[in-house]
Amino acid sequence: MPAQANEERLQKILASAGVGSRRASEDLIARGRVVVDGRVARLGDKVDPATAEIYVNGERVVTDTRLVYMAMNKPRGVVSTMADERGREAISDYLGTVEQRVYHVGRLDADSEGLLLLTNDGALAHRLTHPSFGVLKTYLAEVAGPIPRALGRRLLAGVELEDGPVKADAFKVVDTLGRTAQVEITLHEGRKHIVRRLMEEVGHPVSRLIRTSIGPIRLGDLKVGRTRRLSNPEVASLFRVAEDR
């Protein structure tokens, strides 16, 4: 099949992707605000939405309808796998009817909860999880208290673990309740059980751990066990943080 058989007018593709109406998309093209595969687009251009790399006002626009980007609020006790050979609850038990096969981006251990990203975009998933890209992840942790004032400085300076040093990118105490405290900690890496091991090492073991954000995507008010599709601006923001590293 010739390549042009799959091509469509660019303004139609942009409208279908939610950029704006066809007329608004034509205006963006005419003003030189649309770049396709590294070249400023022109009115009348036709492209293949499944393969074209399109940017509007510098933001990536995904036009391949086969690609899926989702957020999930993983419940505690659910393993971060699509199916578990031991019969435990897994991510796929919460997906319902998703036509495409998706995979989780990174992991949360079974005892942890909160934000997971799900996609079938392997290239983006790699960039979001590989430590060289340094995508920030934020967690809300319930830990043993009280929290000394110097703890934040110690975490930001770095702590030596058995598999190498780790340091927090941000840390703050959210609340103190008797002998427990809620703290927010942000890290740019994802070694196994890294938050739990870090807080254990400094003498404040974690009793509950919730991931609240991955890069620009926030858990927000998404209910436990539910999923939602990411909006076009959210997907664009993920490409931006992945490409900036």
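Scanning both residues, Ala71 and Leu230, for their nearest heavy atoms gives CB-CD2, 3.8 Å. Between Arg60 and Ala236 the shortest heavy-atom distance is O-CB, 3.3 Å. For the pair Gly20 and Ser25, the tightest heavy-atom approach, listed with the atom from each and the gap, is O-OG, 3.7 Å. Heavy atoms only, all atoms of each residue included: Thr129 and Gly106 are closest at CG2-N, 3.4 Å. The two residues Pro205 and Glu200 make their nearest non-hydrogen contact at CB-OE1, 3.3 Å.
At distances below 3.5 Å, not a single donor-acceptor pair connects side-chain atoms of Asn57 with backbone N or O atoms of Glu59.
Side-chain contact between Glu113 and Arg208 is present, with heavy atoms from C-beta onward closer than 4.5 Å. Between Thr119 and Val105 the shortest side-chain heavy-atom distance falls below 4.5 Å. Counting heavy atoms from C-beta on, the side chains of Ile217 and Leu115 come closer than 4.5 Å. Between Asp111 and Arg196, the closest side-chain pair of non-hydrogen atoms falls below 4.5 Å. Within the 4.5 Å cutoff, no side-chain heavy atoms of Phe171 are placed close to those of Leu187.
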Run the numbers on Val202 and Val159 for side chain to side chain contact (heavy atoms under 4.5 Å, CB included), then give the verdict.
-> CA-CA 8 Å; Val202 297; Val159 175; 3.9 Å; yes
Evaluate side chain to side chain contact (heavy atoms under 4.5 Å, CB included) for Leu151 paired with Val173, printing each intermediate quantity in order.
-> CA-CA 10 Å; Leu151 180 62; Val173 178; over 6 Å; no
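Exactly one residue among Leu128, Val102, Leu124 makes a side-chain contact (heavy atoms from CB on, under 4.5 Å) with Leu117. That residue is Leu128.
Here the straight-line distance linking atom OH of Tyr139 with atom CD1 of Ile194 works out to 9.0 Å at 0.5 Å rounding. Atom CG of residue Leu140 and atom CD1 of residue Ile210 lie 5.5 Å apart, to the nearest 0.5 angstrom. Here Arg76 contributes atom CZ and Leu108 contributes atom CG; the two are 12.0 Å apart, rounded to the nearest 0.5 Å. Taking CZ from Arg107 and OG from Ser112, the interatomic distance works out to 12.0 Å, rounded to the nearest 0.5 Å. Distance check, rounded to the nearest 0.5 Å: CD of Glu142 to OG1 of Thr180 gives 5.0 Å. Interatomic distance, CG of Leu161 versus NE2 of His193, reported as 13.0 Å (0.5 Å rounding).
Residue pairs meeting the side chain to side chain donor-acceptor pair (under 3.5 Å) criterion with at least one member in residues 215-230, sequence neighbours excluded, are Arg228-Glu234. Applying the salt bridge (charged side-chain N to carboxylate O under 4.0 Å, His left out) test to every pair with at least one member in residues 13-30, sequence neighbours left out, gives these pairs: Asp27-Arg31. A side chain to side chain donor-acceptor pair (under 3.5 Å) check over residues 161-174, counting only residues at least two apart or in different chains, returns the pairs Glu162-Arg197, Asp163-Arg191, Asp163-Arg197, Asp169-His188. Applying the salt bridge (charged side-chain N to carboxylate O under 4.0 Å, His left out) rule to pairs touching residues 10-19 yields Glu8-Lys12, sequence neighbours excluded.
Using a 4.0 Å cut-off between charged side-chain N and carboxylate O, Arg9 and Asp45 make no salt bridge. A salt bridge does not link Arg39 with Asp37: every distance from a Lys NZ or Arg NE/NH1/NH2 to an Asp or Glu carboxylate oxygen is 4.0 Å or more.
Not counting sequence neighbours, the partners of Ala181 by the side-chain contact (heavy atoms from CB on, under 4.5 Å) test are Val143, Ile147, Thr176. Partners of Val35 by side-chain contact (heavy atoms from CB on, under 4.5 Å), not counting sequence neighbours, listed by chain and number: Val40, Tyr55. With sequence neighbours excluded, no residue forms a side chain to side chain donor-acceptor pair (under 3.5 Å) with Glu160. Scanning for salt bridge (Lys or Arg N to Asp or Glu O under 4.0 Å) contacts around Arg211 gives an empty result, with sequence neighbours left out. Residues forming a ring-ring contact (aromatic ring centres under 6.0 Å, His included) with His126 (at least two apart in sequence, or on another chain): His130. Partners of Ala110 under the side-chain contact (heavy atoms from CB on, under 4.5 Å) rule, at least two apart in sequence or in another chain, are Val79. In this structure, the side-chain contact (heavy atoms from CB on, under 4.5 Å) partners of Pro75, at least two apart in sequence or on a different chain, are Met72, Val78, Tyr94, Val224.
No side-chain N or O of Thr138 forms a donor-acceptor pair with one of Thr212 less than 3.5 Å apart. Under the 3.5 Å distance criterion, with hydrogens and angles disregarded, no donor-acceptor pair is assigned to the side chains of Asn120 and Tyr103.
Summarising the hydrophobic clusters (Ile, Leu, Val, Met, Phe, Trp, Tyr; side-chain heavy atoms under 4.5 Å, direct or chained), the residues clustered with Leu10 are Ile13, Leu14, Val19, Leu28, Ile29, Val34, Val36, Leu43, Val47, Ile54, Val56, Val61.
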